[in-house]
Novice: 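Can you keep this structure in mind? I'll have questions shortly.
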Protein chains: 2
Amino acid sequence: MQIKEAAAHLGVSPRSLRHYEQAGLLTPTRDANGYRHYGPADLRRAGRIRDMIATGFSTREVLAMAPCLSDDGAGACEAGLADLEHKLSQIDRLITDLQARRRTTLERIAQFRGTLSNANNERKDPGHDPDPRIAVPDRVPRRQR
Amino acid sequence: MQIKEAAAHLGVSPRSLRHYEQAGLLTPTRDANGYRHYGPADLRRAGRIRDMIATGFSTREVLAMAPCLSDDGAGACEAGLADLEHKLSQIDRLITDLQARRRTTLERIAQFRGTLSNANNERKDPGHDPDPRIAVPDRVPRRQR
DNA sequence: TACCCCCTTGACATTAGTGTCAGGGTCAAG
DNA sequence: CTTGACCCTGACACTAATGTCAAGGGGGTA
């Protein structure tokens, strides 16, 4: 599969695929004419990279846990595991918050619609009090290099 | 609470807080001397913004769903809701993938350790075959402006 | 009062991801 | 053989997030 088709499948630009490759994250084979060839494994890997990038990882960070990215090889993944779990917890926190906000928002909308449909209902918002806890992620000013 | 303390609580730099403010995401009050004052609501909001940014949203995207960000007000949030659910699904996909990869990685490590502790065990990796489906996010080249 | 630490705004620098273009090759269809 | 649609590399541009510095003010404490 050539780069344009692979990019289309992944929903990214060919430019981005080349960028991932340049960052050392992806190494598609080359056809005799020098064209990049993306096999199924390359597509899976690229999909993971694409998701990582889309979720706030930098290519350097992804590279740091590259061993965890490949389909095979349980090798030197321990190093990246900490980073991975750590980012996972960050994302979990956000997800939880997002879902909570989504729930309360839907409730508000439902209530709003209810208020509209029988306007004489004077029930006030009970105040559902979002979790006031401030989650503190570790400050990593910018990956040293 | 002044900016330095707020930033410390949130795990970001004062510079970033000013940046969020400049992007129209946050509006802390000002003390008589002109210093920014961050109340609990400001901290909660800033925490959400920080998480959004850390998870790949741009300030423009966050701004687009600003109504959904405040503690109160179920108002014009519908517009942002689509974006929000949409990104939520992206994140869900990644989370699922990450958790799956984490599971299999842990399995590999466990197996590796097992292989080490009794080296005469010649059992091969059964090949757990990660989901080959390539999830395709919608291609949004770059938010038009 | 002097000192220190915090604050303000504004400017400039850096980095990452990405778009886009130029100059040139591959290859299949007409 | 020409044409059109791909591909390649390399370069330049843009944007967003962030760091950092300069110039100056606020305010508590020795």
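Residue numbering restarts at 1 for every chain, and letters A, B, ... go by the order of the sequence lines.
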Novice: Let me know the distance between CG of B:Asp31 and C1' of C:dT8, rounded to the nearest Å.
Specialist: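 Taking CG of B:Asp31 and C1' of C:dT8, I get 13 Å after rounding.
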Novice: Can you find a side chain N or O atom of A:Arg30 that sits less than 4.0 Å from OP1 or OP2 on D:dT9?
Specialist: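 True: A:Arg30 side-chain N/O within range (under 4.0 Å) of D:dT9 OP1/OP2.
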Novice: Under a 3.5 Å distance rule, please check whether A:His37 uses its side chain to pair with a backbone N or O of A:Met1 as donor and acceptor.
Specialist: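 Side chain of A:His37 to backbone of A:Met1, a donor-acceptor pair under 3.5 Å: yes, one is there.
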Novice: Starting from P on D:dG19, measure out to CZ on B:Arg18 and report it in whole angstrom.
Specialist: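 Taking CZ of B:Arg18 and P of D:dG19, I get 11 Å after rounding.
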Novice: C:dT18, OP1 or OP2 - any side-chain N/O from A:Tyr20 closer than 4.0 Å?
Specialist: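 So the side-chain polar atoms of A:Tyr20 do come within 4.0 Å of the phosphate oxygens OP1 or OP2 of C:dT18, strictly under.
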Novice: Side chain to side chain donor-acceptor pair (under 3.5 Å) with B:Arg36: which residues, sequence neighbours excluded?
Specialist: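 Partners of B:Arg36 by the side chain to side chain donor-acceptor pair (under 3.5 Å) criterion, ordered by chain and then number, come out as B:Glu21.
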Novice: In whole Å, what is the span from the CZ atom of B:Phe57 to the C1' atom of D:dA16?
Specialist: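 Computing the B:Phe57:CZ to D:dA16:C1' distance gives 16 Å.
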Novice: A:Ile3 has an atom CD1; how far is it from atom C1' of D:dT9, in whole Å?
Specialist: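 Going from CD1 in A:Ile3 over to C1' in D:dT9 covers 12 Å.
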Novice: Between A:His19 and C:dG17, is there a contact of a side-chain N or O with OP1 or OP2 at under 4.0 Å?
Specialist: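 The answer is yes; a side-chain N or O of A:His19 sits under 4.0 Å from OP1 or OP2.
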Novice: Is the backbone of B:Leu10 close enough, under 3.5 Å, to the side chain of B:Arg50 for a donor and an acceptor to pair up by distance?
Specialist: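 Between the backbone of B:Leu10 and the side chain of B:Arg50 there is a qualifying donor-acceptor contact (under 3.5 Å).
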Novice: Tell me, do A:Tyr38 and A:Leu26 make a side-chain contact under 4.5 Å, heavy atoms counted?
Specialist: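 Yes, their side chains come closer than 4.5 Å.
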Novice: Does a distance-only test, which skips hydrogens and angles, find a donor-acceptor pair under 3.5 Å between the side chain of A:Arg15 and the base of C:dT20?
Specialist: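 In this structure, the two groups form a donor-acceptor pair.
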Novice: Check for a donor-acceptor pair, side chain of B:Asp51 on one end and backbone N or O of B:Arg48 on the other, with a separation under 3.5 Å.
Specialist: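 Looks like no, no N/O pair under 3.5 Å.
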Novice: Let me spell it out: for each of B:Thr59 and A:Gln2, pick the nucleotide of DNA chain D with the closest heavy atom. Which residue's pick is nearer the 5' end?
Specialist: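 The residue mapped nearer the 5' terminus is A:Gln2.
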Novice: What's the closest nucleotide to the B:Arg36 side chain, out of C:dG17, D:dT9, C:dT9?
Specialist: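 For B:Arg36, the side-chain atoms sit closest to C:dT9.
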Novice: Provide, to the nearest angstrom, the distance between the OH atom belonging to B:Tyr38 and the C1' atom belonging to C:dC7.
Specialist: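 Going from OH in B:Tyr38 over to C1' in C:dC7 covers 11 Å.
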Novice: Think A:Ser58 has a side-chain N or O under 4.0 angstrom from the OP1 or OP2 of C:dA16?
Specialist: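 It does not, given that no N or O in the side chain of A:Ser58 lies less than 4.0 Å from OP1 or OP2 of C:dA16.
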Novice: Do the side-chain N or O atoms of A:Ser13 get closer than 4.0 angstrom to the phosphate oxygens (OP1, OP2) of C:dG19?
Specialist: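 Yes, because at least one side-chain N or O of A:Ser13 sits under 4.0 Å from OP1 or OP2 of C:dG19.
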Novice: Could you tell me the separation between the NZ atom of A:Lys4 and the P atom of C:dT20, rounded to a whole number of Å?
Specialist: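 Answer to the nearest Å: 13 Å.
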Novice: Between B:Ser13 (side chain) and B:Ser16 (backbone), is there a donor-acceptor pair under 3.5 Å?
Specialist: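 At least one qualifying donor-acceptor pair exists.
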Novice: Can you build the contact string for nucleotides 21-30 of chain C? Use B for base contact, S for sugar-phosphate-only contact, and - for no protein heavy atom under 4.0 Å.
Specialist: ----BBS---
Novice: Can you find a pair of side-chain heavy atoms, one from B:Thr59 and one from B:Met52, that are under 4.5 Å apart?
Specialist: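 Side chain of B:Thr59 against side chain of B:Met52, heavy atoms only: no contact under 4.5 Å found.
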Novice: Figure out the CG/P separation between A:Leu17 and D:dC6, and round it to whole Å.
Specialist: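 That distance rounds to 16 Å.
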Novice: Rounded to whole Å, how long is the line connecting atom CD1 of B:Ile53 with atom P of D:dT18?
Specialist: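 Spelled out: CD1 on B:Ile53 to P on D:dT18 is 6 Å.
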